[in-house]
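Read the structure below first, then the notes.
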2 protein chains.
Amino acid sequence: MSEKAGKYRDIAPGLSNRLFFRLYQCANMLHKTGTRALDAHRITTQQWAVLGALTRPPFANGVAVGDLAAFLLVSRQNLTGVLTRLEAMDYIERTVDAKDNRSRLIRITAKGRDLWDEDMRPVISDYYDAALRGFSTEDRIHMTHYLDKMLRNFKDLDPETCSEKKAVE
Amino acid sequence: MSEKAGKYRDIAPGLSNRLFFRLYQCANMLHKTGTRALDAHRITTQQWAVLGALTRPPFANGVAVGDLAAFLLVSRQNLTGVLTRLEAMDYIERTVDAKDNRSRLIRITAKGRDLWDEDMRPVISDYYDAALRGFSTEDRIHMTHYLDKMLRNFKDLDPETCSEKKAVE
DNA sequence: ACAATAATGTCAATATATTGACATGAAATA
DNA sequence: TATTTCATGTCAATATATTGACATTATTGT
């Protein structure tokens, strides 16, 4: 046993395992409780993520499917279905990019914007309060830093995402 | 503007939003990179979670589907499909509980145990190292505490999980 | 004992999520 | 210019994940 491995040699494996199991459980609960919180409006956490992204100023004039996928860290193919459902509900619209006939520009509609501002935002605000009960502002900053750090590692681990790391924040 | 709301009134909403968006992205990447890491063995993160649970000493003699679901924080119905696939690969077995004919005891098989020990464990160990690169032992402890804390909030938010919080760790 | 109640696992329907395949269109190269 | 290459979005197949419904079996109350 080297001195370097030393001190935490037996604790470390169980610790990493526990951390990742908690992350796995939190991921399950995020989708379960998040979707349930917005159930009255028939919105899932993925639709929530898409609509939230589309309300961002940089995406105000529409965003390509590929860019949206890179931003949310999901596959293009996955978004097709989510966008189809959101379009059927008139919350988003697809228009052909004038500068590239292959590209479809995804944009939130007035109805979607209204849903977000009037219905979703208050629910989400309450949801954050409940899920972060007991977290001080500094706790939230630290936790966010840890997630940022882990996310960079995940991106390095992913051949696709890694290369275009700089492209979309 | 009350004094209590005060200091962080404008920072807080964006901060919580960022935290949860990072959690959402990490969840996506966890499943993407995790499943890819074990792709050579045709194992997904969910199957990983199930096999990992079944190797725990408390579950050595088998565990009911409902208890396993409560442990992983997924629905019973969801596990049915995962267990069916794992059973088809001979990594787990279902036996009728002698003490309750409704209950099926889920247990890992010798083949499953071998897969876990010989094939999965080393891959998972490397995966943890890569995903936690730059995390000191103390970082890991803090991050785990934050996830634990958030998980308790999620459970309070969930009517089902909340009641049986004490039942399964 | 027996009827009402509740627990247990599964099936069905819907919504993610992944990879692989592909038609279309743009870019690069010869 | 013509051909090869690459980018873009979508379809198909598979694996999660949810809720609702249900048959089977325990448990409870009378």
Side-chain angles (χ1 to χ4, degrees), chain A residues 24-25 27-39 42-50 63-70 72-89 94-106 158-161 163-164 167, chain B residues 24-25 27-39 42-50 63-70 72-89 94-106 158-161 163-164 167:
Chain A
Y24 166 83
Q25 289 180 308
N28 291 344
M29 294 301 282
L30 170 64
H31 291 294
K32 188 183 299 196
T33 62
T35 297
R36 203 173 289 162
L38 288 165
D39 187 49
R42 311 303 303 160
I43 290 292
T44 67
T45 44
Q46 289 76 16
Q47 296 169 1
W48 164 5
V50 169
V63 57
V65 176
D67 290 340
L68 188 55
L72 300 176
L73 298 181
V74 295
S75 65
R76 277 172 8 262
Q77 296 93 317
N78 165 33
L79 274 189
T80 297
V82 181
L83 294 176
T84 299
R85 283 180 282 274
L86 283 172
E87 192 178 30
M89 293 187 281
R94 279 190 249 230
T95 58
V96 177
D97 187 346
K99 297 185 295 295
D100 187 339
N101 282 53
R102 295 168 302 177
S103 186
R104 303 284 179 268
L105 285 181
I106 308 299
D158 184 33
E160 323 294 315
T161 317
S163 53
E164 32 188 329
Chain B
Y24 166 82
Q25 289 179 309
N28 291 344
M29 293 302 280
L30 170 64
H31 290 295
K32 189 183 297 195
T33 61
T35 297
R36 204 173 289 161
L38 287 165
D39 188 48
R42 311 304 302 160
I43 290 293
T44 67
T45 45
Q46 290 75 16
Q47 295 169 0
W48 164 4
V50 168
V63 58
V65 175
D67 290 341
L68 188 55
L72 300 176
L73 297 181
V74 295
S75 64
R76 276 172 8 261
Q77 295 94 315
N78 166 33
L79 274 188
T80 297
V82 182
L83 294 177
T84 298
R85 284 180 282 274
L86 284 172
E87 192 179 30
M89 294 186 280
R94 279 191 249 230
T95 58
V96 178
D97 187 346
K99 296 186 296 292
D100 188 338
N101 281 52
R102 295 169 304 179
S103 184
R104 303 283 178 269
L105 285 181
I106 309 299
D158 183 33
E160 323 295 314
T161 316
S163 52
E164 31 188 331

*Can you tell me how far P of dA7(C) sits from NZ of Lys99(B), to the nearest Å?*
19 Å
Please enumerate all protein N or O atoms sitting under 3.5 Å from an N or O of nucleotides 22-24 of chain C, with distances to 0.1 Å.
none

*Partner residues of Leu105(B) under the side chain to side chain contact (heavy atoms under 4.5 Å, CB included) criterion, sequence neighbours left out*: Thr95(B), Asp97(B)
_Contact residues, residues 81-88 of chain A to DNA chain D [heavy atom, < 4.0 Å]_ = none
*Hey, mind stepping through Tyr24(B) and Leu72(A) against side-chain contact (heavy atoms from CB on, under 4.5 Å) and telling me if it holds?*
CA-CA 8 Å; Tyr24(B) 166 82; Leu72(A) 300 176; 4.2 Å; yes
Side-chain donor-acceptor distances from residues 81-88 of chain A under 3.5 Å, at least two apart:
residue	atom	partner	partner atom	Å
Thr84(A)	OG1	Thr80(A)	O	2.7
Thr84(A)	OG1	Arg94(A)	NH2	2.9
Glu87(A)	OE1	Arg94(A)	NE	3.1
Glu87(A)	OE1	Arg94(A)	NH2	3.3

*Could you tell me which residues satisfy salt bridge (Lys or Arg N to Asp or Glu O under 4.0 Å) with Arg36(B), sequence neighbours excluded, listed by chain and number?*
Asp158(A)
*By side chain to side chain donor-acceptor pair (under 3.5 Å) - contacts of Ser103(B) (at least two apart)*: none
*Hey, which sits more toward the 5' end of DNA chain C by its nearest nucleotide, Asp100(A) or Lys32(B)?*
Lys32(B)
_Taking side chain to side chain contact (heavy atoms under 4.5 Å, CB included) as the definition, give me every residue that meets it alongside Ala27(A), ordered by chain and number, with sequence neighbours left out._
Ala27(B)
*Mind checking what makes side chain to side chain donor-acceptor pair (under 3.5 Å) contact with Asn101(B), not counting sequence neighbours?*
none
_Mind checking if Arg94(B) touches a base, just sugar-phosphate, or nothing, with heavy atoms under 4.0 Å?_
sugar-phosphate
*Boundaries of the chain A footprint along DNA chain D (any atom under 4.0 Å from a heavy atom)*: dA7(D) to dT19(D)
_Residues in side chain to side chain donor-acceptor pair (under 3.5 Å) contact with Thr33(B), at least two apart in sequence or another chain_ = Tyr127(B)
_Set of residues satisfying side chain to side chain donor-acceptor pair (under 3.5 Å) with respect to Asn78(B), sequence neighbours excluded_ = none
*Name the nucleic acid region contacted by Gln47(A), choosing base, sugar-phosphate or nothing; use a 4.0 angstrom heavy-atom cut-off, strictly under.*
sugar-phosphate
*Could you tell me whether Ser103(A) contacts a base, only the sugar-phosphate backbone, or nothing, with contacts defined as non-hydrogen atoms closer than 4.0 Å?*
sugar-phosphate
*Specify the residue among Asn78(A) and Leu105(B) whose closest nucleotide of DNA chain C lies further upstream toward the 5′ end.*
Leu105(B)
